[in-house]
Amino acid sequence: MGRIDEQDFDEKRLARRQRRKKSQLIAFIILIITVVLIVGIGAFGIYSIKKAVNAKKAEKEEAAAAASSENQEVVIETPQESVPEPEEMTDGDVLEEIVNSCVSELTLEDKVAGLFMVSPEQFTGVATVVKAGSSTQDALSKYAVGGLYYSAKNIKSVDQITEMIKNTSDMSKYPIFTAVSEDGSENGAITASIGGIETGEINNSDTAYNAGTSIGAALFGYGFNFCFAPDLDISENGKYGTEMESVADIAVSMTSALHDSGVTACTYRFPVSGDTKSAAVANEISKEELTTTIYVAYQRAIGDGQVGAVMMSNVSLPTITGDNTPASLSKVMITDELRGMLGYDGLVVTAPLNEAAITENYTSAEAAVNAINAGADIIFLPDNFEEAYQGVLDAVNSGAITEDRINESIKRIYRLKYANKIDEIK
């Protein structure tokens with residue numbers, strides 16, 4: 001092959017080589033571009049997926065937050081679904097709960113017996129009772145009376161009366177009134193028997209409170225918890241004067257002192273006193289005169305809130321009631337006047353139902369039944385206790401007295417018996 005031919009061959013081979021290199025370069029560049037595109041597209045895809053996932057997550061979080069917000073708003077809008085903390089019971093609430101619980105457990109027989117306050121002699125049949133022995137235990141087991149009333153003949157010494165009252169209280173199934181009449185005068189049961197109570201002259205509120213404190217301390221120490229005092233009689237020589245306010249102030253001070261000593265004060269006799277032991281007595285006093293004199297004194301005394309009980313009188317007031325019914329048995333005097341007009345809702349005690357003003361015209365059963373229907377709570381000293389008790393029980397069983405009426409009185413009695421024990425019970 002000639003030189004020219006060889007040269008031409010070399011040039012062609014060089015040209016092919018250059019074209020091949022160029023093709024390789026172009027292929028490499030295309031490869032690089034393709035890889036870059038693939039990487040870019042992949043990165044963009046991953047970014048898009050992450051963005052979509054994050055957006056979805058954000059939507060879920062917003063929905064959850066919204067739902068939580070809605071739930072919170074529902075709780076706020078319905079506070080009635082929350083449970084309130086219980087309120088602390090007042091003393092009045094506690095007392096009512098105790099009374100209702102006690103009364104609900106009583107039999108009818110015990111309820112009826114609980115309306116009576118009798119002497120130890122009436123109760124046991126013993127001529128003079130000076131100790132609480134088997135006769136007292138037997139009587140209390142048969143009749144759960146509401147109270148026992150002691151007179152001077154039952155009181156011989158401090159130790160004797162203290163022991164008798166303690167033993168009597170221990171024998172009773174239920175709390176019992178241990179009552180006495182004591183105002184510091186010579187007529188007082190303790191003063192007349194063993195003395196020992198210094199009261200001094202009672203002529204104003206201060207001396208009355210001091211006297212009441214001395215009386216209350218002595219009674220409480222002996223075990224008495226119920227005292228018939230003070231007397232709210234404001235009559236003078238059969239006529240009613242204008243000193244009713246001072247008499248009422250003295251009564252308020254004495255009842256407050258007795259109450260502070262732990263003794264229930266029972267003021268007497270409403271509305272007027274009279275010698276009803278030996279015969280019936282009628283008083284022609286008018287309603288106007290009562291309203292401007294005696295009622296003023298009673299309203300002042302009972303309005304203070306320390307009078308635990310009011311004893312009725314056995315005097316009849318025909319001008320007011322329209323008949324000769326003794327006040328103790330009169331619905332007009334108890335329910336209409338004392339409770340209605342004067343607003344008294346405490347314990348009402350009859351005068352002694354063994355007085356001639358009662359026994360001349362009523363049997364023991366009739367007197368007791370009439371007193372309960374009139375609004376009295378405690379039947380005091382019936383002429384024949386067993387007859388009176390059976391009469392009331394029969395009246396309830398026959399419907400002449402409703403059991404609700406019995407419950408009304410027994411609740412008043414238990415409120416008074418437990419009133420001073422609230423703090424101890426709580």
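Computed from heavy atoms alone, side chains included, the values below leave out hydrogens, waters and symmetry copies.
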Test side chain to side chain donor-acceptor pair (under 3.5 Å) applied to Y149 and T178, step by step: CA-CA 6 Å; Y149 173 73; T178 49; over 6 Å; no
Walk me through whether N314 and L353 qualify under side-chain contact (heavy atoms from CB on, under 4.5 Å). CA-CA 8 Å; N314 279 334; L353 296 188; 4.3 Å; yes
Evaluate the side-chain contact (heavy atoms from CB on, under 4.5 Å) criterion for residues N225 and V263: first the C-alpha distance (whole Å), next the side-chain angles of each, then the deciding distance (0.1 Å), finally the verdict. CA-CA 5 Å; N225 56 29; V263 177; 5.7 Å; no
Report the C-alpha separation of N167 and K131 in whole Å, then their side-chain angles, then the decisive distance to 0.1 Å, and conclude whether the side chain to side chain donor-acceptor pair (under 3.5 Å) test is met. CA-CA 8 Å; N167 289 342; K131 69 176 182 178; over 6 Å; no
After noting the C-alpha distance and the side-chain angles of R339 and E408, does the key distance pass the salt bridge (Lys or Arg N to Asp or Glu O under 4.0 Å) rule? CA-CA 14 Å; R339 295 204 189 281; E408 180 185 339; 5.3 Å; no
Evaluate M341 against K287 for side-chain contact (heavy atoms from CB on, under 4.5 Å), listing each step before the verdict. CA-CA 11 Å; M341 186 169 182; K287 177 68 172 288; 3.4 Å; yes
Could you check D336 against K331 for salt bridge (Lys or Arg N to Asp or Glu O under 4.0 Å), going step by step and ending with a plain yes or no? CA-CA 7 Å; D336 297 345; K331 188 173 184 178; over 6 Å; no
Determine whether N187 and S181 satisfy the following criterion, side-chain contact (heavy atoms from CB on, under 4.5 Å), listing intermediate values before the conclusion. CA-CA 8 Å; N187 296 321; S181 293; over 6 Å; no
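Nearest approach of A371 to L329, heavy atoms of both residues: CB-CD2, 3.8 Å. Between I358 and A367, the closest heavy-atom pair is CG2-CB, 3.7 Å. Of all heavy-atom pairs spanning D231 and S273, the tightest one is OD1-OG, 4.5 Å. For the residue pair A229 and T255, the shortest heavy atom distance occurs at O-CG2, 4.5 Å. Between T168 and A132, the shortest heavy-atom contact is OG1-CB, 3.3 Å. Nearest heavy-atom pair, M171 versus G133, reported as atom, atom and distance to 0.1 Å: CE-O, 3.7 Å.
Of the possible polar contacts, none joining the S316 side chain to the P326 backbone as a donor-acceptor pair under 3.5 Å is found. Not one N or O on the side chain of T350 forms a donor-acceptor pair closer than 3.5 Å with the backbone of S328. Side-chain atoms of R405 come within 3.5 Å of backbone N or O of I372 as a donor-acceptor pair. Side chain of T191 to backbone of E186: no donor-acceptor contact under 3.5 angstrom is found. Distance alone, capped at 3.5 Å, places no donor-acceptor pair between the T207 side chain and the I202 backbone. Between the side chain of S193 and the backbone N or O of I190 there is at least one donor-acceptor pair closer than 3.5 Å. No donor-acceptor distance shorter than 3.5 angstrom exists from the side chain of D110 to the backbone of L106, with no hydrogens or angles considered. Of the possible polar contacts, none joining the E360 side chain to the A357 backbone as a donor-acceptor pair under 3.5 Å is found. S101 places no side-chain N or O within donor-acceptor distance of the main-chain N or O of E97, the cut-off being under 3.5 Å. S313 places a side-chain N or O within 3.5 Å of a backbone atom of V272 that can act as its donor or acceptor partner.
Annotation: side chain of V252 is not in contact with side chain of S205 (no heavy-atom distance under 4.5 Å). At least one side-chain heavy atom of V348 sits under 4.5 Å from a side-chain heavy atom of M312. Inter-residue side-chain proximity for L381 and M117 is flagged as unmet; no heavy-atom pair is nearer than 4.5 Å. Using a 4.5 Å heavy-atom threshold, the side chains of I320 and M333 count as touching. Here the side chains of N100 and K411 are in contact, with some heavy-atom distance below 4.5 Å. Within the 4.5 Å cutoff, the side chain of V310 has heavy atoms near those of the Y344 side chain. Counting heavy atoms from C-beta on, the side chains of T292 and V296 never come closer than 4.5 Å. A heavy-atom distance below 4.5 Å is found between the side chains of N397 and L108.
Annotation for F220: atom CZ does not count as buried by contact number, only 12 or fewer foreign heavy atoms lying within 6.0 Å. Atom CD of Q160 sits in a crowded spot, with more than 12 heavy atoms from other residues, nucleotides or ligands closer than 6.0 Å. In the displayed structure, E288 atom CD is contacted under 6.0 Å by at most 12 heavy atoms of other residues, nucleotides or ligands.
Between F385 and Y389, the ring planes lie tilted relative to each other; the angle falls in the 30° to 60° range.
For the residue pair Y209/D260, the side-chain donor-acceptor check at 3.5 Å is satisfied. Using modelled atom types, one finds no donor on one side chain facing an acceptor on the other under 3.5 Å when comparing T402 with D404. A donor and an acceptor atom, one from each side chain of N407 and E403, are nowhere located under 3.5 Å apart. Under 3.5 Å, the side chains of D93 and T90 contain a donor-acceptor pair of N or O atoms. In summary, the side chains of D377 and S409 do present a donor paired with an acceptor at a separation below 3.5 Å, with no hydrogens or angles considered. A donor and an acceptor atom, one from each side chain of N154 and E121, are located under 3.5 Å apart. Checking Y295 against E337 by side-chain atom types alone, a donor-acceptor pair falls below 3.5 Å.
Ion pairing of D170 with K166 is present here, as a side-chain N (NZ or NE/NH1/NH2) and a carboxylate O approach within less than 4.0 Å. Salt bridge status for E96 with R415: present, with a side-chain N to carboxylate O gap under 4.0 Å. One finds a salt bridge joining E355 and R269 here, because a Lys/Arg side-chain nitrogen approaches an Asp/Glu carboxylate oxygen to under 4.0 Å.
We find the CG-CG distance between L140 and L148 to be 6.5 Å, quoted to the nearest 0.5 Å. For the atom pair CD of E198 and CG of N210, the computed distance is 13.0 Å after rounding to the nearest 0.5 Å. The distance from atom OG1 of T359 to atom CG of D383, rounded to the nearest 0.5 Å, is 5.5 Å. Rounded to the nearest 0.5 angstrom, Q390 CD and E109 CD are separated by 9.0 Å. How far CG of N324 is from CG of L317: 10.0 Å, rounded to the nearest 0.5 Å. The CD1 atom of I410 lies 8.0 Å from the CD1 atom of I406; values are rounded to the nearest 0.5 Å.
A ring pair (Phe, Tyr, Trp, His ring centres under 6.0 Å) with F228 is found for exactly one of F380, Y150, F177, namely F380. Screening V180, I194, D159 against Y222 for a side-chain contact (heavy atoms from CB on, under 4.5 Å) leaves a single residue, I194.
Judged by the 6.0 Å and 45° rule, K417 forms a cation-pi pair with Y414.
Taking the centre of each ring, F123 and F116 stay at or above the 6.0 Å mark.
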